[in-house]
Amino acid sequence: MEAKILVYFIKFLYSTFLFPPGIIIVGLFFLCLYAFQNHRKLAKIIGAFTLVFYLCTISLLSDRLIGALEKEYQVPRSVEGDVIVMLGGGATLDTPNVNGLGHLSGFAANRLLTSAQLYQKLHIPIILSGGKVLETTGCEAEISKVILLGLGVPEDKIIIEDKSLNTTENAMYTKVLLEKYGFKQPVLVTSAFHMKRSVLQFEKAQVTVLPYPTDYQSNIKNQFELHQLWPSAGALLNTSLALKEYVGILAVKWY
């Protein structure tokens, strides 16, 4: 048992402080100590930056930032709709998949899984919204379609929207398809942290949706544990995601 605890402790030390962002925090801390000898004002600036950066890398903060977004909408107890709208969230270009090339990011893959599960319950069409954002990324809608076909979803139940490059365009181009096919009750599937901004964009496009959040990054109930104070790349990513969404929510009125 003691050997197991020792191994766990060693793993904790190197995974937390020898890799980013922990190693960066350690470096900034020693830089702050060095500057304190001759440049007190500079040391204070470095110290303040180090503290802010540290807070951004711990799940105690990131879980609350992203959790506040994820609590905006609850998964509906009953789902009534005539079409599922899934928003893309990133894809690789040429990585080998079972039935083709390209993989969805973790965010998009979770959205697709939920969309497939909803299809099994409702048997209504799925609109896959997401284009080729960069030259080095795959077309999200096309890759999603290949995966859904492999999961047994009929091709005539899959509608592609492959022009959109962001959430604003997701709403704009999806509205065109909704009107074209006569859909009136779209069920919107996207990551829970992304749902508020998405709903606002669809409202701006004068489309009323039933939000169906998925791909949660934090627990519904927050329970403090000591590890929430350790810096991690995952927490830094969630902080970045949350801040991006808050900025995006503020920017909806302009774009």
**Message:** How about CZ on Phe29, more than 12 heavy atoms from neighbouring residues, nucleotides or ligands closer than 6.0 Å, or not?
**Reply:**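 No, the 6.0 Å shell around CZ holds no more than 12 heavy atoms from other groups.
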
**Message:** Over 60° means perpendicular and under 30° means parallel, so tell me whether His123 and Tyr119 are parallel, tilted or perpendicular.
**Reply:**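 It falls in the perpendicular class, over 60°.
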
**Prompt:** Taking C-beta and beyond as the side chain, do Thr214 and Leu113 meet within less than 4.5 Å on heavy atoms?
**Reply:**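 Contact flag for Thr214/Leu113 side chains = no.
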
**Test item: Leu148 and Ile126 side chains (from C-beta on) under 4.5 Å apart, heavy atoms** =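 A side-chain contact exists here, since the closest heavy-atom pair is under 4.5 Å.
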
**Asked** Any side-chain donor paired with an acceptor under 3.5 Å for Asn170 and Ser129?
**Response**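 Yes, Ser129 and Asn170 have a side-chain donor paired with an acceptor closer than 3.5 Å.
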
**Asked** Going from CG on Leu210 to OG on Ser78, what distance comes out if it is rounded to the nearest 0.5 angstrom?
**Response**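 Atom-to-atom, Leu210:CG and Ser78:OG are 8.5 Å apart.
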
**Item:** Side-chain H-bond candidate by donor/acceptor type, Asp63 with Ser218, under 3.5 Å
**Value:**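 Absent: no donor and acceptor within the cut-off.
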
**More than 12 heavy atoms of other groups within 6.0 Å of Glu80 CD** =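 No, not enclosed.
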
**Asked** Are any of the side-chain heavy atoms of Glu245 and Lys196 separated by less than 4.5 Å?
**Response**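 When only atoms from C-beta onward are counted, Lys196 and Glu245 do not touch, as no gap falls below 4.5 Å.
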
**Item:** Tyr54 and Leu61, any side-chain heavy atoms less than 4.5 Å apart
**Value:**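 No - every pair of side-chain heavy atoms lies 4.5 Å or more apart.
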
**Asked** Can you find a heavy atom in the side chain of Leu93 that is under 4.5 Å from one in the side chain of Lys132?
**Response**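 The answer is yes, as the side chains (C-beta and beyond) meet within the 4.5 Å cut-off.
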
**Request:** Can you establish whether the number of heavy atoms outside Lys163 located under 6.0 Å from its atom NZ is more than 12?
**Result:**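 Not more than 12 within 6.0 Å, no.
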
**Message:** Run the side-chain contact (heavy atoms from CB on, under 4.5 Å) test on Gln206 and Lys175 for me, step by step, so that the C-alpha distance in whole Å, both residues' side-chain angles and the decisive distance to 0.1 Å come before the verdict.
**Reply:** CA-CA 8 Å; Gln206 298 182 326; Lys175 179 183 180 181; 3.9 Å; yes

**Message:** side-chain contact (heavy atoms from CB on, under 4.5 Å), that's the test. Do Thr57 and Ile25 meet it? Break it down for me.
**Reply:** CA-CA 9 Å; Thr57 66; Ile25 295 172; 3.5 Å; yes

**same_hphob_cluster(Leu65, Phe53) at 4.5 Å side-chain heavy-atom cutoff** =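 Yes, same cluster.
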
**Asked** What heavy-atom pair brings Lys204 and Val252 nearest, and what distance separates the two atoms?
**Response**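 Scanning both residues completely, I find the closest heavy atoms to be NZ-O, 2.6 Å.
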
**Message:** Has Glu161 got a side-chain atom pairing as donor or acceptor with Ile159's backbone, closer than 3.5 angstrom?
**Reply:**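 Flag not set: sc Glu161 to bb Ile159 has no pair under 3.5 Å.
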
**Prompt:** Hey, what do you get for OG1 (Thr239) to CG (Leu55), rounding to the nearest 0.5 Å?
**Reply:**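 So the gap between those two atoms works out to 9.0 Å.
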
**Asked** Is the closest side-chain heavy-atom distance between Glu140 and Val133 below 4.5 Å?
**Response**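 The answer is yes, as the side chains (C-beta and beyond) meet within the 4.5 Å cut-off.
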
**Asked** Between Leu87 and Ser198, which heavy-atom pair has the shortest distance, and what is it?
**Response**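 Looks like CD1-OG, 3.5 Å.
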
**Asked** Between the side chain of Asp82 and the main-chain N/O of Phe183, is any donor-acceptor distance below 3.5 Å?
**Response**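 It does not hold such a pair.
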
**Asked** Any donor and acceptor pair, going by atom type alone, linking the side chain of Ser232 with main-chain N or O of Ala235 inside 3.5 Å?
**Response**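 Yes, because the side chain of Ser232 sits within donor-acceptor range (under 3.5 Å) of the backbone of Ala235.
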
Report, one line per pair, each donor and acceptor closer than 3.5 Å where one atom sits in a side chain of residues 30-50; sequence neighbours left out.
from	atom 1	to	atom 2	distance (Å)
Arg40	NE	Phe36	O	2.9
Thr50	OG1	Ile46	O	2.7

**Prompt:** Hey, quick one: are Val153 and Val189 part of the same hydrophobic cluster, counting side-chain heavy atoms closer than 4.5 Å, chains of contacts allowed?
**Reply:**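 Yes: a chain of side-chain contacts under 4.5 Å links Val153 to Val189.
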
**Message:** Rounded at 0.5 Å granularity, tell me how far NZ in Lys180 sits from OG1 in Thr174.
**Reply:**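 Between Lys180 NZ and Thr174 OG1, I get 13.0 Å after rounding to 0.5 Å.
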
**Request:** Can you measure from CE (Met172) to OG1 (Thr167) and round to the nearest 0.5 angstrom?
**Result:**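 Answer for the CE-OG1 pair, Met172 versus Thr167, is 12.0 Å.
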
**Item:** Closest non-hydrogen atom pair, Ile84 against Ser115
**Value:**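 Looks like CD1-O, 3.8 Å.
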
**Prompt:** How long is the span from the OG1 atom in Thr168 to the OH atom in Tyr255, to the nearest 0.5 Å?
**Reply:**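 Result: 4.5 Å between the selected atoms.
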
**Item:** Atom pair CG (Asn238) and CD (Glu70), whose distance is rounded to the nearest 0.5 Å
**Value:**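 Separation between the atoms: 7.5 Å.
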
**Prompt:** Do the side chain of Asn97 and the main chain of Gly100 share a donor and acceptor less than 3.5 angstrom apart?
**Reply:**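 Between the backbone of Gly100 and the side chain of Asn97 there is no qualifying donor-acceptor contact (under 3.5 Å).
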
**Message:** Tell me the closest heavy-atom pair linking Leu128 and Lys145, and the distance in Å.
**Reply:**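 Heavy atoms only, the tightest pair is CD1-N, 3.5 Å.
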
**Message:** To check you understand the geometry: which heavy-atom pair defines the closest contact between Ile143 and Ala91, and what is its length?
**Reply:**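 Smallest heavy-atom distance, with atoms named: CD1-CB, 3.7 Å.
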
**Audit row: Phe107, Phe193, ring pair (Phe, Tyr, Trp, His ring centres under 6.0 Å) steps and yes/no** = CA-CA 10 Å; Phe107 307 130; Phe193 66 84; 5.6 Å; yes

**Asked** Is there side-chain contact between Pro213 and Val75, with at least one heavy-atom pair below 4.5 Å?
**Response**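 Answer yes - side chains close enough.
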
**Request:** Evaluate the side-chain proximity of Leu69 to Ile249: yes if any heavy-atom separation is below 4.5 Å, no if none is.
**Result:**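 A side-chain contact exists here, since the closest heavy-atom pair is under 4.5 Å.
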
**Request:** Treat each ILVMFWY residue as a node, draw an edge where side-chain heavy atoms are under 4.5 Å apart, and state whether Phe202 and Tyr181 are in one component.
**Result:**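 Linked, Phe202 and Tyr181 end up in one cluster.
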
**Request:** Give the cluster check for Tyr173 versus Leu178: same hydrophobic cluster or not, with ILVMFWY residues linked at side-chain heavy-atom distances below 4.5 Å.
**Result:**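 Not linked; separate clusters.
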
**Minimum heavy-atom distance Gly89-Ala108, with the two atoms named** =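 For Gly89 and Ala108, the tightest heavy-atom pair comes out as N-CB, 3.6 Å.
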
**Prompt:** Should Val26 and Ile24 be regarded as members of a common hydrophobic cluster, given that ILVMFWY residues are connected when their side-chain heavy atoms come within less than 4.5 Å of each other, either directly or indirectly?
**Reply:**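 Looking at the clustering, Ile24 is in the same group as Val26.
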
